[in-house]
Amino acid sequence: MKHSLTQKLAAPAFLLFCVASSNAAAATVTVSGPTALALAAVVAPHSSLPAYDKRIMARLFGGDSVFLIATKARFSVTADTILCRTSNVDIAARSCELTFKVRKKTIRGREANELHATAATAGVVAEGAAGSNVASFSKLNCTIDAREIRQKAGGGAQCSLETGK
């Protein structure tokens, strides 16, 4: 059987399309303002931040920006990967696995729900498979500037993260 030039080029073109589309699936997302503050706030308690920074983060997210800020008013909340799962079958099942440079932590219940929902507002899309929803992202890096948040002008929190594969 003879193959035309079009048929011979179809397979490599299809392969190239698949590679390009899989690379396009991974995207860097940047969020700022209230969404960034919320995302940093739900990750911070589980991170390796010093206790003082965790307290500042909790107070800022709780709406208390009027307090004495020591010399370190700017800090980062980071995570290597975050993977959250909920179930369509066991509707009470929800968990997130947070991976940091030196350790992993799994959270469940309300805390996992907060992280999953907050990630969704930041643009992380869950994918469904066999009765579960899975949302994952990586390279989370949130920069928090408590002094700028105190100014109540909409700034002071910015996060970048990678979604997709």
Can Ile82 and Val124 be said to form a side chain to side chain contact (heavy atoms under 4.5 Å, CB included), step by step? CA-CA 11 Å; Ile82 297 178; Val124 177; over 6 Å; no

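- Going from atom CZ of Arg94 over to atom CZ of Arg110 covers 12.0 Å, rounded to the nearest 0.5 Å.
- Looking at every heavy atom in both residues, Ala44 comes nearest to Met57 through CB-CG, 3.6 Å.
- Side-chain contact between Phe137 and Val29 is absent, with no heavy atoms from C-beta onward closer than 4.5 Å.
- For the atom pair Leu140 CG and Thr99 OG1, the distance stands at 12.0 Å (nearest 0.5 Å).
- Arg150 contributes atom CZ, which lies 13.0 Å from atom CD of Glu148 (distance to the nearest 0.5 angstrom).
- Between Ala112 and Cys96, the closest heavy-atom pair is O-SG, 3.6 Å.
- Of the listed residues (Cys159, Ser76, Ser160), just one forms a side chain to side chain contact (heavy atoms under 4.5 Å, CB included) with Thr143, and that residue is Ser76.
- The backbone N or O of Leu115 lies less than 3.5 Å from no partner atom in the side chain of Thr118, so there is not a single donor-acceptor pair.
- The number of heavy atoms from other shown groups lying within 6.0 Å of NZ (Lys105) is above 12.
- With values rounded to the nearest 0.5 angstrom, Ile144 atom CD1 is found 9.5 Å from Arg74 atom CZ.
- The two residues Phe61 and Ala38 have their closest heavy-atom pair at CE1-CA, 3.4 Å.
- The side-chain heavy atoms of Glu127 and Ser136, taken from C-beta on, include no pair separated by under 4.5 Å.
- Closest approach of Ala122 and Leu39 over heavy atoms only: CB-CD2, 4.2 Å.
- Ser32 and Ala36 make their closest contact through CA-CB, 3.6 Å (heavy atoms, listed as atom of the first residue, atom of the second, distance).
- Between Val125 and Thr163, the closest side-chain pair of non-hydrogen atoms is not below 4.5 Å.
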Please determine whether side chain to side chain contact (heavy atoms under 4.5 Å, CB included) holds for the pair Val43 and Phe100, giving the CA-CA distance in whole Å, both sets of side-chain angles, and the decisive distance to 0.1 Å. CA-CA 11 Å; Val43 172; Phe100 303 99; 4.2 Å; yes

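- In this structure, OG on Ser95 lies 7.5 Å from CG on Leu83, to the nearest 0.5 angstrom.
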The test is side chain to side chain contact (heavy atoms under 4.5 Å, CB included); show your working for Thr78 and Ser47 and say whether it passes. CA-CA 7 Å; Thr78 62; Ser47 73; over 6 Å; no

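- Atom CG in Asp80 sits 8.5 Å away from atom OG in Ser138 (nearest 0.5 Å).
- Nearest heavy atoms, Ile56 versus Ala146: CG2-CB, 4.3 Å.
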